[in-house]
S.K.: 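First, the structure itself, so that you have it in front of you.
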2 protein chains.
Amino acid sequence: MRVTIEDIAKQAGLSVASVSRILNNTGRFSQATAKRVRAIAADLGYYKNRSAADLARHTQTTLGVINYPAETDSNFHVIRGITEEARQSGVDVLIMIAERDDQATIQKVAQDLIERRVFGILFLSLHPDQAIIDLIKRAGIYPQEVASTYALDMSYVSSNDYQMGQLATRTLIEKGYTRIGFVGADPARDIVGTQRFAGYQAALAAAGITYRPEWLFVGDGKYSYQSGLAAVAYYTEHAALDAVFATSDDGALGVINGLIDRDGAFTHQWGIISTDGSQICEQSRPKISSVTQDFNLIGRMAVAEAVRAIDDPPQAKKQIDVPFKLELRETTPGK
Amino acid sequence: MRVTIEDIAKQAGLSVASVSRILNNTGRFSQATAKRVRAIAADLGYYKNRSAADLARHTQTTLGVINYPAETDSNFHVIRGITEEARQSGVDVLIMIAERDDQATIQKVAQDLIERRVFGILFLSLHPDQAIIDLIKRAGIYPQEVASTYALDMSYVSSNDYQMGQLATRTLIEKGYTRIGFVGADPARDIVGTQRFAGYQAALAAAGITYRPEWLFVGDGKYSYQSGLAAVAYYTEHAALDAVFATSDDGALGVINGLIDRDGAFTHQWGIISTDGSQICEQSRPKISSVTQDFNLIGRMAVAEAVRAIDDPPQAKKQIDVPFKLELRETTPGK
DNA sequence: GTGAAAGCGCTAACAA
DNA sequence: TTGTTAGCGCTTTCAC
């Protein structure tokens, strides 16, 4: 049997109540006995049984996070941010894994988290359907989308996709490009795509450029490297572009490599700007200009918001925008 | 107050024991009442309180994983593997975050996991010091290193670093290269570096090539992109190489980009082979030849081993090798 | 400053 | 097939 608080109490000639107080630094106790108790605890190799503690105490201090594993993981910055902020706020976080597009697993994982009585559940760029969101809310838990805008009835903290699309496109236009492709997102599929596309169109319109349908290349609609790669063949055939707005760094890299594969080298025939600003942008040749999100801050704000929601759960869906910035590198030399 | 098992019992006119049995599918009960109970549970929006359940039951079914967040994340495959295998074995996994080189945080996180009474703790390419390992063992929990060999007294499942170093080097030699640099790992720093370096030297020796000290470029010793980048300047100055064995994909990409930055384009002046085989290898231009690890399998085997250890904890340190393979791409055309 | 005691929500004998 | 009961290990009034 593992060592319990009672073992300590016995050894110290105290009641479990006193030991509990000392170990938790609550209530009053003398420093002398405290020292003794802590020594005994260390000596015995005692560890609190959190199940028992959580059961007895009623306030919950753990936050659930549901992530999906991805190779180029912009979420890694988000997770860092979450972890840092959580450490500071004294909440601890439980990370669990699901797959995108696998609602069954997402639900299972969410239920696991509910059983563990977390006070909030953060979805990292993962889009649960409304049934799952409802089930979480019904359990009295605060759900929140992180690092992605979201259409359904759940608050989110993320960059403003519309503004990002607008900034990216406007930047290309200011550099003198006028025939601008839109790659990798599906405007009809998710709100992120919808918003970025709307921003893109708004920027075109503002500059008096008439959008042409053949400028849109969706690919798999998943912001993937493959979509970028495939876009090159498509555009070569169907559109006379001078620039591309890639809705992800992966997509931009795909476009670059597609161009290299086609021409033998990158010739700056197209201006390219991407979204996210992960290290891919620095490590690509040429380096990719990007609209860069502050993923760390997104993570921090997500935790802060979830903590705030404990005492004061927002009545309506809340949309928190986190600032982003423009980073010009080598793929936007201008015309 | 949240709905409890007692609420269900009351509504169903049953005892909590019966409800518990039904909800857990243990013992005997009639299908008729079971149906009724489940309906009521769903109706009430009931979720088991795991703290209570874990406290009452005594067997633990959750596995702890400590990971660090990284942008190019070969661990993502490991995590997938862990998740899949865990799902199949009916264990659920808790992932927590620490930073490499931050033993204080690693310890804190490990203690958190101990308090949650996990049955095992997996370290993903994270190297806790012996004190932490001892503390975990003392708590009756099985610790295991995953995806990295490890010198201290803890079992591990990973690729065999010595053999990987050997294979990579031998491959270059077979392609006709004879002056081969070793980049990114520090043979004196961690066992991974030591082993890969030993394999590298063994392969050189076996081919009758005399190793020269200036062929070693450690950089930050962290298998980083930066080390690869810096290696080019170093070698240009100090060694006349015809090939490079990069101890990571990031490092190999650094070497390639360093060469491009130096020469304006990649000229295949050096053969390059890397270790890991992440998607970087496919997405680089040229594509990088690699000794590719089976990270998914590593993850699966790690879980399987941890589960096995519940009933039959290994007495001595166990070292489990997972097979890897060679993937030739474009950076090893031969001389 | 410390202790007694109730109870958190559940499981697991053991009875019935 | 179902119920009674005794905990699991801890926290938290409320007394002392």
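No hydrogens, no waters, no symmetry mates; every other heavy atom, side chains included, goes into these values. Lettering of chains follows the sequences in order, A, B, ..., and the numbering in each one begins at 1.
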S.K.: Could you state the atom-to-atom distance from CZ of B:R116 to C1' of D:dC10 in whole Å?
M.R.: 15 Å
S.K.: 5'-most contact on DNA chain D: B:L55 or B:I22, nearest heavy atom basis?
M.R.: B:I22
S.K.: Taking atom NZ of A:K48 and atom CG of A:D54, what is their separation to the nearest 0.5 Å?
M.R.: 8.5 Å
S.K.: Regarding A:R21 and the six-membered ring of A:F29, is the cationic atom NZ or CZ under 6.0 Å from the ring centre and inside 45° of its axis?
M.R.: no
S.K.: Rounded to whole Å, please give me the gap between NZ in B:K10 and P in C:dG9.
M.R.: 11 Å
S.K.: Distance from B:N49 atom CG to B:T4 atom OG1, nearest 0.5 Å?
M.R.: 9.5 Å
S.K.: Taking 4.0 angstrom as the limit, do B:R87 and B:E84 come out as a salt bridge?
M.R.: no
S.K.: At what distance, to the nearest 0.5 angstrom, does CG of A:N296 lie from CE of A:M301?
M.R.: 12.0 Å
S.K.: Check this for me: does any side-chain nitrogen of one of B:D92 and A:R116 sit under 4.0 Å from a carboxylate oxygen of the other?
M.R.: yes
S.K.: Could you check how far CZ of A:R36 sits from C1' of C:dG1, rounded to whole Å?
M.R.: 13 Å
S.K.: Is any side-chain N of the basic residue among B:D311 and B:R308 closer than 4.0 Å to the acidic one's carboxylate O?
M.R.: no
S.K.: Please state whether the phosphate of D:dG3, meaning OP1 or OP2, lies under 4.0 angstrom from any side-chain nitrogen or oxygen of B:S18.
M.R.: yes
S.K.: Please check if any side-chain donor atom of B:Q130 sits under 3.5 Å from a side-chain acceptor atom of B:D134, or the reverse.
M.R.: yes
S.K.: Round to the nearest Å and state the distance from A:E115 atom CD to C:dC8 atom P.
M.R.: 20 Å
S.K.: If you round to the nearest 0.5 Å, how far is NZ of A:K108 from CD1 of A:I132?
M.R.: 11.0 Å
S.K.: Tell me what B:S51 touches on the nucleic acid: a base, only sugar-phosphate, or nothing, going by heavy atoms under 4.0 Å.
M.R.: nothing
S.K.: Grab the CD-C1' distance between A:Q60 and C:dG9 for me, whole Å please.
M.R.: 13 Å
S.K.: Could you give the angle between the helix axes at the two ends of the helix from C:dG1-D:dC16 to C:dA16-D:dT1, with five pairs per end, rounded to 10 degrees?
M.R.: 30°
S.K.: Base, backbone or nothing for each nucleotide of nucleotides 10-16 of chain C, written B, S, -, heavy atoms under 4.0 angstrom, 5' to 3'?
M.R.: BBBB---
